[in-house]
2 protein chains.
Amino acid sequence: MRHYQPEKYPPFAVTVDLVVLTIRADRLCALVVRRGERPYLGRWALAGGFVRPDEDLDTAARRELAEETGLPVGSVHLEQLASYGDPARDPRMRVVTVAYLALAPDLPSPRAGTDTVDAKWEPVTDLLGKPATLAFDHHRILGDGVERARSKLEYTPLATAFCPTEFTVAELRRVYELVWDTPIDPRNFHRKVTGVTGLLASTGHTTTRDGGRPAQLYRRGEATLLHPPMLR
Amino acid sequence: MRHYQPEKYPPFAVTVDLVVLTIRADRLCALVVRRGERPYLGRWALAGGFVRPDEDLDTAARRELAEETGLPVGSVHLEQLASYGDPARDPRMRVVTVAYLALAPDLPSPRAGTDTVDAKWEPVTDLLGKPATLAFDHHRILGDGVERARSKLEYTPLATAFCPTEFTVAELRRVYELVWDTPIDPRNFHRKVTGVTGLLASTGHTTTRDGGRPAQLYRRGEATLLHPPMLR
DNA sequence: CCAAAAGTGTTCTTACTACACCCATGG
DNA sequence: CCATGGGTGTAGTAAGAACACTTTTGG
């Protein structure tokens, strides 16, 4: 590695932290891991870790997601959220963290990783309701991540990231209802969502897994922006 | 400062870079500074610099904006844009930069700062049209900043950040036209913008600086979100 | 048959578009 | 007077909200 000159460039550590959201047991849940090191030993925190010397930020985020959870990472939407660099946010030293937002369909339960002794899915409302639960400034980061997810559901097809490969309109609607925490009229939602070009791709299959009349199964379409957008 | 342990925390330098946009001579312009140091000596770049050891990221951004340009910084909207950390983005060493987006009304011409020999406002289309003009990955950062500004005009009152304290509906419309690079019907725009609650606050004054019939002068209102949004 | 969920039709209302038209100033 | 831009009225259309109604399954 190139020589480091602290007199010119003040030394920072750089980490990535992950707001991983999924829908489990009809709740919007976030991934939290129990810390196995100081500081905040034994406290719950977002998954994350130090960026390696020759690693891109996106790469580090995806590596940490795989490492710290053991979850299959291919089907996960991952995007940069924001960076946090309060000088006092980590008592060890000056750390700037680049937070990422990940949205995943219902996955197997996570396993503990290298620096963590435990990992679990926790309902977002529980975490946000108790600001002191999470280590560092992770409560704030989680809040920012959830808010980002909420607004992106409005104008992108991102809700499909919470769904399995094939899903029904009702399952997609439940995603919106849970993330936005608001009831949605099933009839208008159906009309709207099937009308937006490129949001849904028909599979030809049906399912009765939700009871009642068989529902069409869809895959996500190629659209990257919703016209018109869904409104909260 | 706390002791640095490179064996545990790989050393990074952290910088802030600024996408500063304004409207000048009826063009959307970005602030660029000529580099007075290696690498990219003599090349144009975004304003920016190293974050100090005990300084928050937002503070660093506002400090650099003031320092590197000599511009009055109070009336400037500043928000975090994204972070960039490609291992090869700076040949000196590993640098992660946190980019900020600043929107300013037409300001006096900038002066050179400490690490820069020159500074100017350059039309955004010129800069984006020639990808090799800017140092580092600043062309990409500028593009991301402009795109952020474009979409934020849709659902926030941010267009007013380009206007002086008191402005007319026509001046506000011109902001939208220049940032979106699209013509807008003056009559419909007027009705729409005066109809959105909290976007504009009446001052009681009028002006004839645009010629023709005197126009009402407005200040920005208290609204933080536009209902309904402006659509491109 | 009934319950349950999928999906369609209809009506009302809001908001965008396009453009005709009038208003208030300077020269 | 005329030119210039400010501002209003109106008709047609796209899309959201509310909700009655029909369809297709399981039991």
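Throughout, a chain's letter reflects where its sequence line sits, starting with A, and its residues are numbered from 1.
Positionally, the nearest nucleotide of DNA chain D for A/Arg187 lies more toward the 5' end than for the other of A/Gly211 and A/Arg187. If B/Met230 and A/Glu171 are placed on DNA chain C by their nearest nucleotide, the residue sitting closer to the 5' end is A/Glu171.
Rounded to an integer number of Å, the gap from B/Asn188 CG to C/dA20 C1' is 12 Å. When rounded to the nearest whole Å, the span between CD1 of B/Ile184 and P of C/dA18 equals 12 Å. Here the P atom of nucleotide C/dT8 and the CG atom of A/Asp185 are 14 Å apart, to the nearest Å. Atom P of nucleotide C/dC19 and atom CZ of B/Arg191 are separated by 14 Å, given to the nearest angstrom. B/Leu231 places its CG atom 14 Å from the C1' atom of C/dT14, with the value rounded to the nearest Å.
For DNA chain C, the residues of residues 213-223 of chain B within the heavy-atom distance limit of 4.0 Å (strictly under) are B/Arg213, B/Pro214, sorted by number.
With a 4.5 Å cut-off on side-chain heavy atoms, B/Phe162 and B/Leu172 do not count as touching. Looking at heavy atoms from C-beta onward, A/Val33 lies in side-chain contact with A/Glu68 at the 4.5 angstrom threshold.
Among A/Asp210, A/Asp26, A/Thr168, the single residue meeting the side-chain hydrogen bond (donor to acceptor under 3.5 Å, both in side chains) criterion with A/Arg174 is A/Asp26.
Residue pairs satisfying the ring-ring contact (aromatic ring centres under 6.0 Å, His included) criterion with at least one member in residues 195-232 of chain A, sequence neighbours excluded, are absent.
No donor-acceptor pair closer than 3.5 Å links the side chain of B/Glu122 to the backbone N or O of B/Leu31.
In terms of phosphate contacts, B/Lys192 brings no side-chain nitrogen or oxygen within less than 4.0 Å of OP1 or OP2 of C/dA15. OP1 or OP2 of C/dA6 has not a single side-chain nitrogen or oxygen of A/His190 nearer than 4.0 Å.
A salt bridge is defined here as a Lys NZ or Arg NE, NH1 or NH2 lying under 4.0 Å from an Asp or Glu carboxylate O, and A/Asp181 with A/Arg150 fails to meet this definition.
For a distance-only test at 3.5 Å, the side chain of A/Asp210 fails to qualify as a donor-acceptor partner of the base of C/dA6.
Every side chain to side chain donor-acceptor pair (under 3.5 Å) that B/Arg148 has, sequence neighbours left out, goes to B/Glu79. Remark: A/Arg187 pairs with A/Asp185 by the salt bridge (charged side-chain N to carboxylate O under 4.0 Å, His left out) rule, at least two apart or across chains.
Nucleotides of DNA chain D lying under 4.0 Å from heavy atoms of chain B occupy a range whose first and last members, 5' to 3', are D/dT4 to D/dT10.
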Distance-only check: which donor-acceptor pairs under 3.5 Å involve side-chain atoms of residues 127-139 of chain A, not counting sequence neighbours?
| unit_1 | atom_1 | unit_2 | atom_2 | d |
| --- | --- | --- | --- | --- |
| A/Thr133 | OG1 | A/Lys130 | O | 2.8 |
| A/Asp137 | OD1 | A/Arg89 | NE | 3.3 |
| A/Asp137 | OD1 | A/Arg89 | NH2 | 2.8 |
| A/Asp137 | OD2 | A/Arg89 | NE | 2.8 |
| A/His138 | ND1 | A/Leu46 | N | 3.0 |
| A/His138 | NE2 | A/Asp17 | OD2 | 3.4 |
| A/His139 | NE2 | A/Leu128 | O | 3.1 |

